[in-house]
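Okay, so here's the structure we're looking at.
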Amino acid sequence: MARTDDNENFTEEERQAMKDRAKETRTARSRKKKTPEEVRAEGEAELRAKLDELSGDDRAIGEALHRLVTENAPSLIPRTYYGMPAWAKDGKVLCFFQPASKFKVRYATFGFETGAALDDGNVWPTSFAVTKLDAADEKFFAEVIRRAVG
């Protein structure tokens, strides 16, 4: 079977996400020499910059999720993950926000990685589609975030 050029297999958005991830990996290596306060400050600046790039509902949702994570899981460190806002525990991403505009889809996603303590029986959700957040949604996510941290 003939292999096609990788540029034909990935969208421009996917290629950009891979470039963002490579940059984040390099940044993570350089942060090993920094204090926790410096790491948090740099991560906060990166996350804020990503939120500032967003508009409309994506920005409103991202801002609300950042506030919820900061309030309900202050131990999580802000950072980026494949160029998206994310929050880490012990150096590993625990949760992330994928704006709808990132891959030109109809809804944003608030997702959790395998380190999240969301286990509930044999089946449990690890990501949520989000189009807007109202007070009830924020209350729900606040609980999910607290549970995810463990």
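We use all heavy atoms of the structure for the numbers below, so side chains are in, but hydrogens, waters and symmetry mates are not. Note that the coordinates shown come from a computational prediction; the quantities given were computed from them, not determined experimentally.
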(message) Please find the pair of heavy atoms, one from Phe110 and one from Leu65, that lie closest to each other, and give the distance.
(response) CD1-CD1, 3.7 Å
(request) List the steps, then state whether side chain to side chain contact (heavy atoms under 4.5 Å, CB included) holds for Thr126 with Glu113. (result) CA-CA 7 Å; Thr126 59; Glu113 290 295 321; over 6 Å; no
(message) I'd like to know if Glu53 and Arg48 make a salt bridge, using a cut-off of under 4.0 Å between side-chain N and carboxylate O.
(response) no
(request) Provide the closest heavy-atom pair for Arg79 versus Leu47 in the form atom of the first, atom of the second, distance. (result) O-CD1, 3.7 Å
(message) To the nearest 0.5 Å, what is the distance between CG on Leu68 and NZ on Lys139?
(response) 13.0 Å
(message) Ignoring hydrogens, what is the shortest heavy-atom contact between Pro99 and Met84? Give both atom names and the distance.
(response) CD-CG, 4.2 Å
(message) Less than 4.5 Å apart, side chain to side chain, heavy atoms only: is that true for Val144 and Leu118?
(response) yes
(request) Check the pair Phe128 / Phe140 against ring pair (Phe, Tyr, Trp, His ring centres under 6.0 Å), numbers first and verdict last. (result) CA-CA 11 Å; Phe128 300 88; Phe140 169 77; 5.4 Å; yes
(message) Treating Asp58 as the side-chain partner and Ser55 as the backbone partner, does any N or O pair qualify as donor plus acceptor under 3.5 Å?
(response) no
(request) Return the minimal non-hydrogen interatomic distance between Cys95 and Leu76, and the atom names on each side. (result) SG-CD1, 4.3 Å
(message) For Trp124 versus Asp120, what's the shortest heavy-atom pair and its separation?
(response) CE3-N, 3.4 Å
(request) Inspect the contact between Lys34 and Glu42 and indicate whether a charged nitrogen and a carboxylate oxygen are less than 4.0 angstrom apart. (result) yes
(message) Could you measure the distance from the CG atom of Leu54 to the CZ atom of Phe97? Nearest 0.5 Å is fine.
(response) 6.0 Å
